[in-house]
Every structure is written in C-alpha cells, then in structure tokens.
Amino acid sequence: MALRIDILTLFCEMFDAFCSMGIVGRAAERGLVEIVRTNIRDFATDSYGTVDDAPFGGGVGMVMMPQPVFDAVEHVRKLADPPGKVILLSPQGRPMDENLLRQLAGEERLILLTGRYEGFDERIRLHLADIEVTLGDFVLSGGEIPAMALVDGVVRLLPGALGKDESVHEESFAAGLLEYPQYTRPRQYRDWAVPEVLLSGDHKKIAEWRAEQARARTHKRRPDLWDKYVKRQEPRQ
Ligand code: 9D3
C-alpha cells in the first residue's frame, strides 16, 4: 500500500515541481507514495477567501483562523481511510531529524499542515495537530519548504524509492557520521591533487582512510553528532 500524504497549504503551486520531479516524482509514478494537495483557502466561508484574522489581545501580523483549517483536515479525512497523524509545520515544533523521518515513513498516512502569516490559532495546535515539527532555528516565510523537506526525507526511506546506487550511500549517514571527502576526475585540478590513497587501489586502506576522515570531520564540525555517535558505539563494546 502506498503512503498517502495530504498537504494542506495556501500555496499548492509551490509543490508542483517538487511532486513531479526527481526521487519524489518517481516514487509517485511507481505508486509508492500518493501526494494530494488541498488549498486551505477553499474552506473559507466568505467571498474574499479569508483564512486569517488579527490576534486577540493585539499585536502585529495575522493569525490563521481555526475554522478553515479544521474544515480542511476534516474534508481530507473523509477522502481516504486511515485518519492519519496531523503534522503541523511551525517554528515551535520539534526539530526534524532522521529518527522522526523513519517513524513517519512507517505510517500509512500523513496530513501536513503548513501556514503563512504570524502563526496558527492555538486551538489548531492543541486540538488538531498530533506532531509539531520545525526545520530548525531560522525564520522562513511559511511552512511549505519545511513540508517539502519532510516529504523528501520520508519518501527516500520508502522501500523501492531509491535506486541501488543511491541507497548504498545512505548507510554512512545512518551510522551517524558526516560524509568523507569525495573526489572525481581529474587527478590534478589546478594546484590540487586527489589524495594518493584514493588512487592506490588498496581497498582496505581506502576504507580506513574514509572512516577516519568521516570521524575527524564529524568531531570537528558537529560535536553534537559526534557525542551521539560515541554514545551509540560504547554499549556495543
Ligand atoms: C514573530 C516571531 N516569529 C516566530 C519565530 C513569527 C513567525 C516566523 C515565521 C511565524 C511564522 C513563520 C513562518 N514559518 C513557518 O511556518 C515555519 C518554519 C520556519 O520559519 N523556520 C523553520 N521551520 C519552520 S516550519 C514552519
């Protein structure tokens, strides 16, 4: 059974190329995933298509109203069977990581809710969202790009989504380390030569060099990842 992903958004068109191209597009063609977009504005009840309003208590900006959002979710839930978890993309969410993506890739259905304006009415968060997810601590204009990032990361994990060559590469990151340095032709470009070991043909030495490079790079650039990696290794010794 294909994973069904409903995307509720004010900007369906932003997802056009994303849904039809690359690994996500191919997975959809192969029937591994079905991505259905729904415009929240279709659930506005006035002739202007209003989906936002000023915040009670005052303050800048506008807030996404509960009614169009609840109605949109209830509408898509009638279209297909498992109700699916509602994932709210918001700066207040839990940071997206590979663990979360793995968990979501195991679901039968996901409903992604993306917003514009200053945020969602709190009742959406309290009574509609099952999980709240952020892409990280930086300000974007809306949840559409984070939703694409989530879908992309989840679809890659679906069995059959990646070709053989693509999936081999996943394993090193899954181990919790950054990538080792990679080189292609030519052996010499301007002043810069490819490290000798990679030309040696000694596969054992090459594997050791790559593993050491990956560890050193992770230690230096991402002490947070390095700590997790070390803690994961220790219990196994
Ligand atoms: C006034 C304070 N801002 C919160 C930090 C308001 C605000 C900024 C950006 C409210 C909404 C947005 C729109 N961003 C998202 O919807 C969003 C987001 C992001 O901005 N960064 C990282 N991940 C995400 S997921 C959704």
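All values below come from the heavy atoms of this structure, side chains included, with hydrogens, waters and symmetry mates left out. All ligand and atom numbering here is 1-based and tracks the order in the structure.
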Can you confirm whether [X] sits close enough to [Y] that some side-chain heavy atom of one is under 4.5 Å from a side-chain heavy atom of the other?
X: Arg37; Y: Asp16; result: yes
X: Leu3; Y: Glu108; result: no
X: Val86; Y: Val73; result: yes

Per-pair distances, ligand 1 N/O vs protein N/O, less than 3.5 Å:
from, atom 1, to, atom 2, distance (Å)
ligand 1, 16 (O), Gly143, N, 3.3
ligand 1, 20 (O), Leu140, N, 2.8
ligand 1, 21 (N), Phe138, O, 2.7
ligand 1, 23 (N), Thr134, OG1, 3.1
ligand 1, 23 (N), Leu135, N, 3.0

Would Gln67 and Asp71 count as having a side-chain donor-acceptor pair, cut-off 3.5 Å?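 There is such a pair between these side chains.
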Can we say Glu132 and Arg94 salt-bridge, meaning some charged N sits less than 4.0 Å from an Asp/Glu carboxylate O?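 Arg94 and Glu132: not salt-bridged.
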Using a 6.0 Å cut-off, check whether atom NE2 of His127 has over 12 heavy atoms from anything other than its own residue.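 Yes, because the 6.0 Å sphere around NE2 of His127 holds more than 12 heavy atoms from other groups.
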